[in-house]
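All values below come from the heavy atoms of this structure, side chains included, with hydrogens, waters and symmetry mates left out. Throughout, a chain's letter reflects where its sequence line sits, starting with A, and its residues are numbered from 1.
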Amino acid sequence: GNSVTQMEGPVTLSEEAFLTINCTYTATGYPSLFWYVQYPGEGLQLLLKATKADDKGSNKGFEATYRKETTSFHLEKGSVQVSDSAVYFCALTGSSASKIIFGSGTRLSIRP
Amino acid sequence: DAGVTQSPTHLIKTRGQHVTLRCSPISGHKSVSWYQQVLGQGPQFIFQYYEKEERGRGNFPDRFSARQFPNYSSELNVNALLLGDSALYLCASSPRGGTDSYEQYFGPGTRLTVT
């Protein structure tokens, strides 16, 4: 079945450091790929998405490229801020778009 | 515009009891999905409803049921609660169902604790 595997956390970085959170997936067909973010005390928010191979999703300085050849969708940001501290979830929808399949989440903490 | 709202915010129940969680979607959205998020894990899909019909079901026991009302709000019911049902229950709404339903907007969740 479809599944998502993402980098285990927690990840702790200093402010202005470069961020990569790895995500790989297993899916039949052509899934849509997502990164969701969950800030402390808040609900899940869609951060970015990509719906076909080689698409790049971007938002708030974060980027991820849909790589079909490596079945990956790694999240990157060039310079992180303390306000980026949150839990990040990689996710996909397959043939059943009603069902989002989430990874286990990566907790990111940014030190001032 | 108001986002997805859920009630109650927190709930404590005893094993064997029944619980009802409620969700109001964003105005104009006709699809509601429910997810269970156990502490330290990603959300797991439970149900999707669109136009008051069940359109998807995850791998959860029959103790879990849901329905959607004519105003598109939804209830999630869990019978015979187990300790393992303790989790954050998330509701998400989207404008449409089926293959266009990936644009899902999540509510803040209901934290259920079973003792």
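Other residues, nucleotides and ligands contribute only 12 or fewer heavy atoms inside 6.0 Å of the CD atom of A:Glu8. Counting heavy atoms of neighbouring residues, nucleotides and ligands inside a 6.0 Å radius, atom CG of B:Asn71 exceeds 12 of them. Within a 6.0 Å sphere centred on CG of B:Leu39, other residues, nucleotides and ligands contribute 12 heavy atoms or fewer. Within a 6.0 Å sphere centred on CZ of B:Arg63, other residues, nucleotides and ligands contribute more than 12 heavy atoms. At most 12 non-hydrogen atoms from other residues, nucleotides or ligands lie less than 6.0 angstrom from CD1 of B:Ile12. Under a cut-off of 6.0 angstrom, the local environment of CD in A:Glu16 is sparse, with at most 12 non-hydrogen atoms contributed by other residues, nucleotides or ligands.
Residues of residues 108-115 of chain B lying under 4.5 angstrom from chain A, judged on non-hydrogen atoms, are B:Pro108 in numerical order. Interface with chain B: from residues 18-27 of chain A, no residue qualifies, criterion being any non-hydrogen pair under 4.5 Å.
If you take CD on A:Gln45 and OH on B:Tyr105, they are separated by 12.0 Å, rounding to the nearest 0.5 Å. Note that CG of A:Leu44 is 10.5 Å distant from CD of B:Gln104, once rounded to the nearest 0.5 Å. The distance from the NZ atom of A:Lys99 to the OH atom of B:Tyr35 is 9.0 Å, given to the nearest 0.5 Å.
When the side chain to side chain donor-acceptor pair (under 3.5 Å) test is applied to A:Lys52, the partners found at least two apart in sequence or on another chain are A:Asp55.
No single ILVMFWY cluster, assembled from side-chain heavy atoms under 4.5 Å apart, contains both A:Tyr36 and A:Tyr88. Linking ILVMFWY residues whenever their side-chain heavy atoms come closer than 4.5 Å, directly or via other members, places A:Val87 and A:Phe34 in the same cluster. A:Leu92 and B:Phe45 fall into different hydrophobic clusters, where Ile, Leu, Val, Met, Phe, Trp and Tyr residues are linked whenever their side-chain heavy atoms come under 4.5 Å apart, directly or through other members.
Of all the listed residues (B:Gly42, B:Pro43, B:Gly40), the one sharing the greatest number of non-hydrogen pairs under 4.5 Å with chain A is B:Pro43.
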Evaluate side chain to side chain contact (heavy atoms under 4.5 Å, CB included) for A:Phe89 paired with B:Gln41, printing each intermediate quantity in order. CA-CA 10 Å; A:Phe89 293 92; B:Gln41 298 182 19; over 6 Å; no
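Heavy atoms closer than 4.5 Å to chain A are found in the side chain of B:Leu88, but not in its backbone. Only the side chain of B:Gln37 comes within contact range of chain A, with at least one heavy atom under 4.5 Å from a heavy atom of that chain.
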Quick one: side chains of residues 100-112 of chain A, donor-acceptor pairs under 3.5 Å with protein atoms, not counting sequence neighbours, listed by atom name and distance.
residue  : atom : partner : partner atom : Å
A:Thr106 : OG1  : A:Gln6  : NE2          : 2.9
A:Thr106 : OG1  : A:Met7  : O            : 2.4
A:Arg111 : NH2  : A:Ser14 : OG           : 3.1

